[in-house]
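None of the values given here were measured: they were computed from a predicted structure.
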Amino acid sequence: MPDPVLQIQDLVKCYGNQRVVDRVSFNVAPGSCVALLGPNGAGKTTTISIIAGLITPNSGSVLIHGRTFSSDTDPLKQGIGLVPQDLALYDELSALENLRFFGSLYDIHGAPLREAIERSLTLVGLESRSHDRVGTFSGGMKRRLNLAASLLHNPSILLLDEPTVGVDPQSRNAIFDTIETLVRIGKTVLYTTHYMEEVERLCEQVVIMDHGRVVANDTLSQLKSRSQSSTRLRFDLDNAPSQALIQALSSIPNVSEVRVVQHQIQLTVPAIDQTTEIILATLRSHATACSHISSDRPNLEAVFLELTGRNLRDA
């Protein structure tokens with residue numbers, strides 16, 4: 001297994017008496033996309049800011065390729081690209097002028113800057129709008145340009161802090177395509193979002209924070225398997241089920257609920273295992289044919305709510 005490109009070790013950050021990041025630790029493998037999830041106020045953005053070198057922790061360390069930043073000008077820091085929650089763009093400038101400005105901050109000039117701008121605009125699909133003023137862009141286009149700005153210096157690690165907030169479906173999909181391309185070419189992505197379907201599509205590893213602490217750190221499949229939520233099985237029948245069949249299904253161990261909706265019978269079970277075989281055998285024993293089977297398995301949202309609770313968080 002390759003050495004982690006990013007190692008977060010016992011990070012602590014306090015503001016007054018409030019500990020907003022509390023001994024946070026996790027590793028990120030090279031060429032992977034890792035989700036950092038949590039309710040509002042869980043400490044995600046503070047953690048991202050510490051990793052980017054924008055905030056100094058009270059204790060703990062961030063290792064990039066096995067070592068820490070020696071200073072703000074450490075070349076190691078240029079291996080990180082940050083896409084913040086808030087758009088960092090100038091509306092009165094064109095897309096090209098914005099990227100020239102940000103390129104100069106990375107000390108990129110001349111032909112290397114022209115090549116970097118062309119590469120980044122092409123990657124996010126904005127090459128045809130390079131001379132247009134950013135103030136005329138949609139929210140989704142601005143988000144894509146924000147991502148392009150973070151790529152100019154060709155970082156190996158990308159920190160994406162809710163990059164799809166307020167974005168239309170087409171632009172969201174374009175951002176997903178870009179992230180998948182970046183991972184395919186070997187970039188490492190740490191991704192925060194409140195949209196669980198984004199994590200399901202993009203991320204192999206999920207780190208969940210709550211009240212400043214890591215409460216889960218595992219692969220997506222392993223997290224789902226730990227869920228206490230039940231699975232809903234649906235069986236489409238050729239005929240309406242008899243009362244005897246409903247009673248027989250209700251008596252099967254691990255079946256906690258049986259519902260009938262016209263010719264469909266719905267059963268709640270802990271998981272799809274040998275119980276499904278017993279259900280099918282019961283249908284056959286009652287001479288009932290089944291034309292279609294479907295299921296709603298526990299998803300990431302169910303796991304997230306189990307770990308962080310269902311109470312509304314405003315901060």
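L93 approaches E97 most closely through the heavy-atom pair CA-OE1, 3.5 Å. Residues G79 and P155 share a closest heavy-atom pair of O-CB, 3.5 Å. Nearest heavy atom pair, residue P84 against residue A88, reads CG-CB, 4.5 Å. In plain terms, the two heavy atoms of P39 and M209 that are nearest each other are CD-O, 3.4 Å. When every heavy atom of N27 is checked against every heavy atom of P4, the shortest pair comes out as CB-CB, 3.8 Å. Taking each heavy atom of D91 and R133 in turn, the nearest pair found is O-CG, 2.9 Å.
Classification of the Y90-F101 ring pair by plane angle, with boundaries at 30° and 60°, yields perpendicular.
Of the candidates L96, L99, L121, L121 is the only one forming a side chain to side chain contact (heavy atoms under 4.5 Å, CB included) with L126. Each of N40, T192, D161 was checked for a side chain to side chain donor-acceptor pair (under 3.5 Å) with T45, and the lone residue meeting it is D161. Of the options L249, L233, T275, a side chain to side chain contact (heavy atoms under 4.5 Å, CB included) to V255 is made by T275 and by none of the others.
Between the side chain of T164 and the backbone N or O of V167, no donor-acceptor pair lies under 3.5 Å. Using modelled atom types, no side-chain atom of S32 and backbone atom of V34 make a donor-acceptor pair closer than 3.5 Å. Not a single donor-acceptor pair under 3.5 Å links the side chain of R129 to the backbone N or O of A95. Distance alone, capped at 3.5 Å, is enough to place a donor-acceptor pair between the T178 side chain and the L123 backbone. Of the possible donor and acceptor atoms, none in the side chain of S221 sits under 3.5 Å from a partner among the backbone N and O of T219. Side chain of E92 to main chain of G135: no donor-acceptor pair is present (N/O by atom type, distance under 3.5 Å, no hydrogens or angles). Side chain of K13 to backbone of V21: no donor-acceptor contact under 3.5 angstrom is found. Looking at H211, its side chain never comes within 3.5 Å of a backbone N or O of T308 through a donor-acceptor pair.
Atom CD in Q264 sits 6.0 Å away from atom CZ in R234 (nearest 0.5 Å). If you take CG on L158 and NZ on K187, they are separated by 7.0 Å, rounding to the nearest 0.5 Å. Note that CG of L182 is 12.0 Å distant from OG of S156, once rounded to the nearest 0.5 Å. Here L159 contributes atom CG and I48 contributes atom CD1; the two are 5.0 Å apart, rounded to the nearest 0.5 Å. Considering CG of D22 and OG1 of T47, their distance stands at 10.5 Å, rounded to 0.5 Å. We find the CD-CG distance between Q85 and L160 to be 12.0 Å, quoted to the nearest 0.5 Å.
Side-chain heavy atoms closer than 4.5 Å link hydrophobic residues (I, L, V, M, F, W, Y) into clusters, and following such links, possibly through other members, connects V189 to L147. Cluster membership check: L202 does not share its hydrophobic cluster with V165, using side-chain heavy-atom separations under 4.5 Å among Ile, Leu, Val, Met, Phe, Trp and Tyr. Both L6 and V207 are part of a single hydrophobic cluster, where members link through side-chain heavy atoms under 4.5 Å apart. Residues L82 and I108 do not share a hydrophobic cluster, clusters being chains of Ile/Leu/Val/Met/Phe/Trp/Tyr side chains in contact below 4.5 Å. Linking ILVMFWY residues whenever their side-chain heavy atoms come closer than 4.5 Å, directly or via other members, places F137 and L152 in the same cluster.
With a 4.5 Å cut-off on side-chain heavy atoms, E204 and L220 do not count as touching. No side-chain heavy atom of Y106 sits under 4.5 Å from any side-chain heavy atom of L113. Side-chain contact between R19 and N58: absent, with no pair of heavy atoms (C-beta onward) separated by less than 4.5 Å. Taking 4.5 Å as the limit, every side-chain heavy atom of T288 sits out of range of all side-chain heavy atoms of N239. Looking only at side-chain heavy atoms (C-beta outward), Q243 and I246 come within less than 4.5 Å of each other. Counting heavy atoms from C-beta on, the side chains of L89 and F102 come closer than 4.5 Å. Under the 4.5 Å side-chain criterion, counting only non-hydrogen atoms from C-beta, L245 is in contact with T282.
In the model, E127 has no side-chain atom that pairs as donor or acceptor with a side-chain atom of T122 under 3.5 Å. Remark: the Q205 side chain and the N217 side chain contain an N/O donor-acceptor pair separated by less than 3.5 Å.
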Verdict with supporting geometry, H194 and E162, side chain to side chain contact (heavy atoms under 4.5 Å, CB included) = CA-CA 7 Å; H194 286 296; E162 299 188 31; 3.4 Å; yes
Practice item. In sequence, state the C-alpha distance, the side-chain angles, and the governing distance for S25 and D10, and then conclude on side chain to side chain contact (heavy atoms under 4.5 Å, CB included). Key: CA-CA 5 Å; S25 298; D10 290 322; 3.3 Å; yes
Could you walk me through whether L283 and L237 satisfy the side chain to side chain contact (heavy atoms under 4.5 Å, CB included) test, starting with their C-alpha distance in whole Å, then the side-chain angles of each, then the deciding distance to 0.1 Å, before giving a yes or no? CA-CA 9 Å; L283 293 175; L237 310 179; 4.2 Å; yes
| message | Apply side chain to side chain contact (heavy atoms under 4.5 Å, CB included) to residues R172 and E197 and explain how you reach the verdict. | response | CA-CA 12 Å; R172 278 182 76 197; E197 69 274 14; 3.1 Å; yes
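Using a 4.0 Å cut-off between charged nitrogen and carboxylate oxygen, D168 and R143 do not count as a salt-bridge pair.
The local environment of CZ in R201 is crowded, with over 12 non-hydrogen atoms from other residues, nucleotides or ligands closer than 6.0 Å.
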